[in-house]
Protein chains: 2
Amino acid sequence: MLSKTCEYAVRAMIYVAQNSQNGQMVNIKKIAEKIGSPELFIGKILQGLSKRGFLQSSKGRYGGFYINDNDAKHSLADIVIAVDGDKIFKGCGVGLDYCSEKKPCPIHSEYKTARNQLFNIYKSATLEQFKSLKGSELVMLKRK
Amino acid sequence: MLSKTCEYAVRAMIYVAQNSQNGQMVNIKKIAEKIGSPELFIGKILQGLSKRGFLQSSKGRYGGFYINDNDAKHSLADIVIAVDGDKIFKGCGVGLDYCSEKKPCPIHSEYKTARNQLFNIYKSATLEQFKSLKGSELVMLKRK
DNA sequence: CTTAATTCAGATAAATTTGTCTGAATTAAA
DNA sequence: TTTAATTCAGACAAATTTATCTGAATTAAG
Ligand code: SF4
Ligand code: SF4
């Protein structure tokens, strides 16, 4: 399961991607409102991702965040790993440090398959894909 | 991803199940040592599960915990849900409150499939299965 | 140039999860 | 019956995650 920080990050990135067409950008206030997160918190999160090059920011009045064509190539998995690390995609089903392929437990093989599948889902879902969902097909990114 | 509490719980339950043959029981100290958890913490966790009927306890000197044939029918999913709730098996891939089947996002359908598969894995892995793994085939339940 | 709105940086605070302490109750063995 | 080892209950503490505050730097518009 994703951390709250990571959930906010993914939802925000999707929202920003969807609202970055031709020079458009969005500010923290709007983002927080749309994804249902604390304003200052998602601010911090995006500032971090921005520093690491996952999205662009523009300071000063009328500034905000946006995602260019290159940024939009990132997958949800990229974001998840950037924020939460890869434990969710690589970790053991019962919390052991390393998957002991030598002496696998009963669930090991199946668990690994399911985990890989989960990874593939997040990995093949790019921001670009979400970007192309417009208007009525726009996903509701706010909880409840 | 499971909480630490839940990981300890699952590993402990597996260990207790594996060491509950014909009247045998194990105490907290031994369990903690074998699964690599803080002693008092796994104590608290098992006391909770015991109250809820997931395993049996015997107080006083030479007491400890054990899992009877009926308890051993429980699946890992039962334990996970008891400790962490079912969010991990039912929740949304990006942290929304409810899966909106009406307007699904691009990952919805696949995500749901993977999530269900994960559930089935934990659900079909019973303590009984682990119990039958003895001796050299015994799983290493300690981290690292 | 001034102003207002924004990102940014670093400190702080609140909430939750994880872990510990203390002592009471229980029990089997000696 | 005494003793030692255990579970149990409830309070407490530490660590981590989540969230907020404060003020500085930046920038476009007027
Ligand atoms: S064999 Fe099972 S318990 Fe061991 S690392 Fe793999 S998933 Fe985890
Ligand atoms: S459609 Fe996607 S975002 Fe919406 S609830 Fe389902 S998994 Fe979550």
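All values reported here derive from a predicted model rather than from experimental measurement. Naming: A, B, ... by sequence-line order, numbering from 1 per chain.
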Check the distance between C:dT16's C1' and A:Phe41's CZ and give it to me in whole angstrom.
13 Å
A:Arg115 side chain to A:Ile88 main-chain N or O, any donor-acceptor pair under 3.5 Å?
no
Where along nucleotides 10-15 of chain D does protein come under 4.0 Å, by heavy atom, of base (B) or sugar-phosphate alone (S), with - for untouched nucleotides?
B-----
Pairing residues for B:Asn120 by the side-chain contact (heavy atoms from CB on, under 4.5 Å) criterion, not counting sequence neighbours
none
For A:Ile28, answer base if it contacts any base atom (sugar-phosphate contacts may also be present), sugar-phosphate if it contacts only those atoms, and nothing otherwise; contact means non-hydrogen atoms under 4.0 Å.
sugar-phosphate
For nucleotides 22-30 of chain C, just jot down a letter per nucleotide in 5' to 3' order: B, S or -, based on protein non-hydrogen atoms under 4.0 Å.
----BBSS-
Side-chain N or O of A:Thr5 less than 4.0 angstrom from OP1 or OP2 on D:dT17?
no
In which stems does DNA chain D show up, taking only runs of three or more Watson-Crick or G-U wobble pairs whose two distances fall under 3.5 Å?
C:1-30 with D:1-30
What residues join B:Tyr62 in its hydrophobic cluster, counting side-chain heavy atom gaps under 4.5 Å, either direct or through other members?
none
Answer yes or no: is there an ion pair linking B:Asp78 with B:Arg52, defined by an N-O contact shorter than 4.0 Å?
no
Rounded distance (Å) that lies between atom P of C:dT7 and atom NZ of A:Lys29:
11 Å
Report the residues that fulfil side-chain hydrogen bond (donor to acceptor under 3.5 Å, both in side chains) with A:Lys73, sequence neighbours left out, ordered by chain and then residue number.
A:Asn70
